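A quick write-up on the structure given underneath.
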Amino acid sequence: MTQTPVLAVLGPTAAGKSALSMALAKALPVEIVCMDSMQIYQGMDIGTAKPGPEERLQVAHHMLDVVGPKESFSVSQYADMARPILEDIGSRGKLPLLVGGTGLYLKALTQGLPLGGVAGSQEVRDRLHAIARQEGGPLILHAMLREADPASAQKLHPNDLRRVIRALEVYEATGKPISRQDEPAGESGFRFGLLGTAMRREVLYERINRRVEEMAAQGLEEEVRGLLARGVTRDCQSMQGIGYKEWIPVLEGAAARADALERIKRNTRHYAKRQLTWFKAVQDVHWLDMEQPQAAARALEFAGEFWVAAQGEAAPPQGKGT
RNA sequence: GCCUUGGUAGCUCAGUCGGUAGAGCAGUAGACUGAAAAUCUACGUGUCGGUGGUUCGAUUCCGCCCCAAGGCA
């Protein structure tokens with residue numbers, strides 16, 4: 001079977017991914033698939049810099065607004081939903097374009113991760129968190145993990161509660177250490193072309209600061225207020241989004257607006273840094289210097305070649321496998 | 001003009017009863033397999049405002065100067 005070609009635009013937040021993808025859409029038969037862990041939520045538009053009606057009118061967008069803001073969502077669900085969409089777009093003779101900055105989502109798609117094989121269980125997590133809160137709790141959990149899954153324990157720092165607990169959870173639910181499921185599932189059925197947006201750090205940070213100010217001017221505070229009014233609470237996954245969680249203390253009268261804005265800027269910078277670390281480690285990314293005026297042209301060149309090659313591959317009468 | 005209190009890492013500050021100094025934040029690097037905009041790890045040399053003096057030795061004590069904030073005139 002031939003692999004569906006998928007182009008992806010990745011990079012840190014505020015580095016111009018959306019604009020670039022719109023430019024690509026003008027030249028190629030592209031449909032955009034969101035690869036962002038917050039833009040999937042309904043009602044979170046300003047703070048996630050979600051593509052608006054104009055963009056969506058020009059190009060078909062998928063995977064936006066697919067989850068209610070009170071619901072939780074996981075990488076696994078993302079991959080399960082996105083894969084058929086990518087295939088469908090490909091089968092209609094178009095080029096799926098993944099756009100977003102969530103590295104784990106990309107990895108799940110490119111490498112077909114087993115992801116532990118079981119969904120998270122709130123009960124198990126609550127129970128393990130209770131242990132974590134005890135004196136020396138993190139070390140107790142880590143010792144438990146060493147017992148159940150020495151390989152994972154070796155890789156994880158005791159303070160990385162999130163992962164220690166997940167590893168224990170998987171072991172408890174499946175009887176199999178998560179470390180033994182770490183092998184990628186193999187063939188993903190897709191053939192990826194990766195474009196990365198890069199620029200000097202100082203320039204990126206300046207863009208981030210400016211963007212946060214713009215979001216505030218567009219009514220971010222109102223957006224958050226509205227979500228809370230609709231019953232979204234601080235423990236909802238959606239409220240972990242940067243630009244959202246920082247407003248809660250303000251709305252409770254416990255913090256000043258200016259401080260919230262500064263915190264949003266700082267958290268966004270930290271986030272961008274983490275994204276950069278993640279994407280730097282991804283193989284075969286075609287990086288674009290977004291400060292260069294010809295960045296879009298070079299992206300188009302790459303995307304065009306990718307698209308032509310993919311079609312050449314699909315066209316021959318006898319597909320010769322690889 | 002006088003008095004007081006400050007001037008130590010990019011920022012906020014601690015400290016050295018005289019042996020050239022350390023936290024938080026920022027920043028940098030990294031990890032990441034069903035919460036990932038999450039979670040976690042590592043990294044701290046700077047004319048201790050300037051200049052004279054005392055001293056074996058001063059960022060620390062003393063004098064003078066500069067700057068800032070407050071007070072008195």
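The chains referred to below are lettered A, B, ... by the order of the sequence lines, with proteins before strands, and numbering in each begins at 1. Predicted model only: the values in this text are computed from it and were never measured.
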Under-3.5 Å N/O pairs linking protein and nucleotides 9-13 of chain B:
none

Would you mind listing every ring pair (Phe, Tyr, Trp, His ring centres under 6.0 Å) that reaches into residues 49-91 of chain A, with sequence neighbours excluded?
-> A:Tyr78-A:Tyr105
Residue pairs passing the ring pair (Phe, Tyr, Trp, His ring centres under 6.0 Å) test with at least one member in residues 274-311 of chain A, sequence neighbours excluded, are A:His286-A:Phe302
Give the stems involving RNA chain B, where a stem is 3 or more consecutive Watson-Crick or G-U wobble pairs (i with j, i+1 with j-1, and so on) under 3.5 Å.
-> B:1-7 with B:66-72, B:10-13 with B:22-25, B:27-31 with B:39-43, B:49-53 with B:61-65
First of A:Lys107 and A:Lys280 reached from the 5' end of RNA chain B, by closest nucleotide | A:Lys280
On RNA chain B, nearest-nucleotide positions of A:Gly243 versus A:Asp80: which is more 5'?
-> A:Asp80
Given the [atom1] atoms of [N] and [M], what is the spacing between them in whole Å?
N     : M     : atom1 : value
B:G15 : B:G53 : C1'   : 25 Å
B:U12 : B:A26 : C1'   : 11 Å
B:C61 : B:U4  : P     : 16 Å
B:G71 : B:U59 : P     : 34 Å
B:G22 : B:G46 : C1'   : 11 Å
B:A14 : B:C56 : C1'   : 30 Å
B:G70 : B:U8  : C1'   : 22 Å
B:U5  : B:G49 : C1'   : 15 Å

By the 4.0 Å heavy-atom rule, please label [X] as base, sugar-phosphate, or nothing.
X        : value
A:Tyr105 : sugar-phosphate
A:His129 : base
A:Arg269 : sugar-phosphate
A:Thr13  : nothing
A:Ser72  : nothing
A:Lys273 : base
A:Tyr244 : nothing
A:Gly103 : nothing
A:Asp36  : base

Side-chain donor-acceptor pairs of residues 9-21 of chain A under 3.5 Å, sequence neighbours excluded:
residue, atom, partner, partner atom, Å
A:Thr13, OG1, A:Arg211, NH2, 3.1
A:Lys17, NZ, A:Gly11, O, 3.2
A:Lys17, NZ, A:Pro12, O, 2.9
A:Ser21, OG, A:Lys17, O, 3.3
A:Ser21, OG, A:Ser18, O, 2.7

So, is A:Asn159 close to the B:U41 phosphate, meaning a side-chain N or O under 4.0 Å from OP1 or OP2?
-> yes
Sequence-distant partners of [X], salt bridge (Lys or Arg N to Asp or Glu O under 4.0 Å), two or more places apart:
X        : result
A:Glu291 : A:Arg200
A:Lys265 : A:Glu213, A:Glu262
A:Asp80  : A:Arg83
A:Arg257 : A:Glu221

Name the closest nucleotide to the A:Arg125 side chain, picking from B:A35, B:U41, B:C25.
-> B:A35
Check every atom of B:C32, B:A36, B:G27 against the side chain of A:Thr277 and return the nucleotide holding the closest atom.
-> B:C32
To the nearest Å, give me how far apart [atom1] ([X]) and [atom2] ([N]) are.
X        : N     : atom1 : atom2 : answer
A:His270 : B:U41 : NE2   : C1'   : 15 Å
A:Asp160 : B:A35 : CG    : C1'   : 12 Å
A:Gln240 : B:A36 : CD    : C1'   : 9 Å
A:His157 : B:U39 : NE2   : C1'   : 12 Å
A:Leu104 : B:C40 : CG    : C1'   : 15 Å
A:Phe279 : B:C32 : CZ    : P     : 15 Å
A:Arg274 : B:C32 : CZ    : C1'   : 11 Å
A:Tyr78  : B:U33 : OH    : P     : 18 Å

Assess the side chains of A:Tyr41 and A:Glu71: does a donor N or O sit below 3.5 Å from an acceptor N or O?
-> no
For A:Glu54, the side chain to side chain donor-acceptor pair (under 3.5 Å) test, sequence neighbours excluded, returns none
Please tabulate, for side-chain N and O atoms in residues 138-147 of chain A, each donor-acceptor pair with protein atoms closer than 3.5 Å (sequence neighbours left out).
residue, atom, partner, partner atom, Å
A:His142, NE2, A:Ala153, O, 2.9
A:His142, NE2, A:Leu156, O, 2.9

Report, as yes or no, whether the 6.0 Å neighbourhood of atom [atom1] on [X] holds more than 12 heavy atoms from other residues, nucleotides or ligands.
X        : atom1 : result
A:Arg234 : CZ    : no
A:Glu252 : CD    : yes
A:Lys94  : NZ    : yes

Would you say the base of B:A31 and the side-chain of A:Arg163 have a donor-acceptor pair closer than 3.5 Å?
-> no
Numerically ordered, the residues 197-226 of chain A set in heavy-atom contact under 4.0 Å with RNA chain B is A:Arg201, A:Tyr205
Would you check if A:Leu300 and A:Leu24 make a side-chain contact, meaning some heavy-atom pair closer than 4.5 Å?
-> yes
